J.: 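One structure is given below, represented as structure tokens, and several questions about it will come after.
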Amino acid sequence: MDLQIRQYLIKAGDNNDPVALRKAYDTVKNVTSGKTASDNKYFLPELYVLCAEQALQMGCKEITEDCLTMYLESKPPTNQFLCRAYLCQAQLKSPQTVDDLDKAVMYYLKAIEVSKDKPGYHFLVFNASLLYFQSVRAFLRPGWRRHLVSSLTEVLRALEVVQESDYAWRSELMLLLVECLLDAGKEKEAAAYAKVTSDFIEQHKPELHPRIFSTQVVITPPSLSPVTLFITFFLDIPRFGHHSRSPIGCMYYAQLSVLCLMECVCIQAQLAAVGRLDALLQRAVKEGDGQVIQCVCAALWNSCLPLLQPNLRRSIKRALLTLAHALEAINSMLLGVRCPVHAELAGIEEEEERLEPALRHLHKALALDERAQHQQRLSFSLHLLQLRASLHGAPARQEDQAARLIEQVSPPARKWRPMLVSAGIALAPVTFQMALNAEHPAKVSGSRLHVEELAAKAQHHLACEDEVKGHLASLDRGTDDRERLWASLVKVARRQEVWDVCRAACRFCLLYDDGRWKNNLEGNQGARGLALQGDRELLRLLAEVHFITAEVEQSQAIHTHSQARFLFPGIYE
């Protein structure tokens with residue numbers, strides 16, 4: 001009977017034959033229930049596991065579950081088949097929730113615990129680590145990796161106990177643990193373990209770990225701490241050798257190391273580095289190695305970051321498109337790269353008046369922003385772009401009217417001033433005109449002395465300023481789109497060199513810098529994390545407006561100084 005079951009299982013495995021699998025399962029059931037004439041005392045419990053494994057491989061999970069139940073009820077001995085039963089149990093469900101993850105991890109750790117203490121079963125520790133990695137793939141993304149810290153630590157500890165000789169695989173898992181620690185907010189532990197990982201790679205797989213850390217600093221978003229900056233760089237470069245043990249993988253690694261060591265001392269050098277990385281990525285895509293593709297994409301993105309300026313980013317559009325398509329094709333979990341890449345591409349397409357592609361990229365960016373870190377900014381950009389794309393009918397909201405006017409201003413030209421003024425008036429119907437009046441004081445009688453004329457201008461300016469200060473009091477104190485719209489008006493007016501509108505818009509925008517952010521940032525906990533991220537984005541926006549204000553005020557001061565020299569030449573002699 002045992003031989004017959006094994007023959008059915010061999011046939012099922014060789015031919016992917018569900019009929020043979022069903023026969024094997026039915027025979028096992030009949031023996032267990034005593035329906036066959038054979039004496040079931042000679043039945044080997046390992047057949048339950050063999051049948052469960054074959055059923056799992058063929059996607060017949062109900063058979064797997066039943067076989068495992070019968071096996072565990074038979075009170076099996078602690079041997080390799082018990083470990084394999086635990087591994088089957090862990091794979092029955094692909095974890096999508098934290099509860100499912102905990103259940104799966106429990107069985108993986110049970111299998112590891114049994115097998116690590118017996119030298120003959122050490123191979124099962126390695127197998128368990130591979131299956132574990134495949135099962136937790138859904139959690140290898142920002143905001144979810146933190147749930148893997150404990151279990152991944154146990155897996156790595158077991159691999160160390162059995163002295164697993166696949167150092168490349170252990171290095172990969174160690175790098176992953178560093179990422180998980182960072183995701184859990186444990187930067188000190190991540191930094192310490194990054195050093196352990198660095199030493200481990202240097203000792204066992206030095207070809208994966210060139211000494212480049214002291215000569216190159218990766219360019220990352222400014223929100224990361226210094227510890228995270230170092231670790232992010234540590235993760236970007238050496239990782240793809242772990243999966244690519246072929247000559248082609250080594251070739252990619254060598255080229256990538258050289259490219260990342262280049263000193264980009266000028267824009268031309270940066271563009272050259274981006275171009276070479278773009279070509280390298282296209283070759284990696286043809287080879288089809290997902291880990292190589294992700295590593296080259298990470299290096300390419302870091303090389304593009306200094307060039308993401310309005311006057312430069314069009315030159316790297318092709319590289320960004322290659323990067324976005326490559327990561328999308330392999331369904332990469334590098335969401336922290338994919339989301340901003342699509343956001344930048346949306347901006348480039350919009351500058352080129354290609355509104356439909358821009359909308360598609362913004363929708364993709366929003367879909368990839370799983371932690372909603374950039375939800376407010378991306379949603380605002382999408383709303384503006386939709387207003388710009390909609391040519392029929394006037395928006396009902398004053399904010400939307402202003403947004404459409406701002407979005408319609410494109411090449412620098414003096415004709416845009418009335419449109420910019422109309423946008424400001426839509427945002428502040430009465431007080432914006434007063435702010436403009438402050439920029440253009442009323443004429444006074446020509447018979448007055450110069451001092452009286454200056455005093456009259458100053459008095460007029462102060463009166464208008466008082467009206468502007470009262471504008472915010474009439475609005476809801478909560479955060480809305482007006483801050484972003486005022487900032488957009490500031491930037492567009494500056495680009496068009498409409499300085500009076502720019503200065504007036506700066507005053508309105510900076511009214512929102514009234515201390516409301518301090519309470520939000522200091523008191524933020526738990527569910528308010530998303531609001532905190534939005535506040536930080538708005539704070540950076542306000543910082544930009546402060547810089548622009550300083551620029552235009554300096555220009556105004558120079559102009560006033562020139563007037564004073566003309567009016568009171570004796571003072572400067």
Side-chain angles (χ1 to χ4, degrees), residues 221-223 308-310 313 335-336 338-351 353-391 394-410 419-420 423-424 426-428 472 475-495 505-506 508-513 516-517 520-521 528-546 548:
S223 59
L308 296 179
Q309 305 174 40
R313 61 183 180 180
L335 305 184
R338 294 178 64 187
C339 174
V341 165
H342 282 291
E344 292 296 335
L345 283 169
I348 295 171
E349 298 287 12
E350 184 180 4
E351 289 172 2
E353 300 294 325
R354 291 164 46 85
L355 302 188
E356 287 300 321
L359 286 168
R360 288 198 297 270
H361 282 298
L362 275 178
H363 281 297
K364 287 185 178 180
L366 278 164
L368 293 166
D369 186 26
E370 291 198 344
R371 295 183 67 186
Q373 290 182 316
H374 312 290
Q375 194 79 19
Q376 293 182 12
R377 176 173 58 84
L378 293 174
S379 298
F380 177 73
S381 299
L382 179 62
H383 181 60
L384 292 186
L385 199 56
Q386 289 170 335
L387 285 172
R388 183 175 176 182
S390 176
L391 301 177
R397 298 171 65 235
Q398 289 182 320
E399 292 89 342
D400 290 346
Q401 295 172 17
R404 176 178 282 187
L405 290 168
I406 294 169
E407 285 293 301
Q408 289 173 349
V409 176
S410 47
M419 192 174 291
L420 294 174
L427 290 173
L472 199 60
L475 300 176
D476 181 11
R477 189 172 172 79
T479 301
D480 55 24
D481 290 343
R482 288 176 182 265
E483 299 104 310
R484 298 179 189 274
L485 288 171
W486 282 119
S488 297
L489 181 57
V490 167
K491 292 179 181 181
V492 173
R494 176 182 179 273
R495 187 171 68 244
C506 282
F508 281 93
C509 187
L510 294 181
L511 290 175
Y512 290 88
D513 192 13
R516 69 182 65 192
W517 317 102
N520 286 351
L521 292 173
R528 298 180 62 195
L530 300 182
L532 173 62
Q533 183 65 31
D535 288 351
R536 284 175 173 165
E537 288 184 1
L538 288 171
L539 276 175
R540 284 195 289 271
L541 204 58
L542 286 171
E544 289 184 62
V545 175
H546 273 293
I548 295 173

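Remember, it's a predicted structure, so these values are computed and weren't measured experimentally. Values below: every heavy atom of this structure, side chains too, minus hydrogens, waters and symmetry copies.
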J.: With rounding to the nearest 0.5 Å, note down the distance linking SG in C509 to CG in L485.
T.: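 One gets 10.0 Å once the value is rounded to the nearest 0.5 Å.
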J.: Quick one: are C339 and L366 in side-chain contact, heavy atoms under 4.5 Å?
T.: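 Side chain of C339 against side chain of L366, heavy atoms only: no contact under 4.5 Å found.
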J.: Between F380 and S488, what is the shortest heavy-atom contact and its length?
T.: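 The answer is CE2-OG, 4.2 Å.
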J.: Given side chains that start at C-beta, do those of R377 and R484 come closer than 4.5 Å, heavy atoms only?
T.: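 SC-SC contact between R377 and R484 confirmed.
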J.: Work out which heavy atom in I548 is nearest to a heavy atom in C506; give both atom names and the distance.
T.: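 The pair with the smallest heavy-atom distance is CG2-SG, 4.2 Å.
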J.: Starting at CG of L362, measure out to CG of L355 and round the result to the nearest 0.5 Å.
T.: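 Going from CG on L362 over to CG on L355, the span is 11.0 Å.
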J.: Less than 4.5 Å apart, side chain to side chain, heavy atoms only: is that true for D369 and L335?
T.: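 Not touching, per the 4.5 Å side-chain cut-off.
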J.: For the side chain of R338 and the backbone of A365, is there at least one donor-acceptor N/O pair under 3.5 Å apart?
T.: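 Flag not set: sc R338 to bb A365 has no pair under 3.5 Å.
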J.: Determine, for E351 against R313, whether the closest basic-nitrogen to carboxylate-oxygen distance falls under 4.0 angstrom.
T.: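 Result for this pair is yes, salt bridge flagged.
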J.: If you take all heavy atoms of A402 and A423, which pair is closest and at what distance?
T.: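 Looking at all heavy atoms of both residues, the shortest contact is CB-O, 3.5 Å.
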J.: Mind checking the NE2-CD spacing from H342 to E349? Nearest 0.5 Å is all I need.
T.: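 H342 atom NE2 to E349 atom CD measures 11.5 Å (nearest 0.5 Å).
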J.: When you compare the side chain of K491 with that of L541, does any pair of heavy atoms fall below 4.5 Å?
T.: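 Yes, at least one pair of side-chain atoms sits under 4.5 Å.
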J.: Rounded to the nearest 0.5 Å, how far apart are NE2 of H363 and CG of L378?
T.: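 Separation between the atoms: 11.5 Å.
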J.: So, taking the atom named CD in Q375 and the one named CG in L382, what distance separates them when rounded to the nearest 0.5 Å?
T.: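 Going from CD on Q375 over to CG on L382, the span is 10.0 Å.
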J.: Could you tell me whether the side chain of F508 reaches within less than 4.5 Å of the side chain of L489, counting heavy atoms only?
T.: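 L489 does not reach F508 side chain to side chain.
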J.: Nearest 0.5 Å, please: how far is CG in L427 from CD in E483?
T.: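 E483 CD to L427 CG: 11.0 Å, rounded to 0.5 Å.
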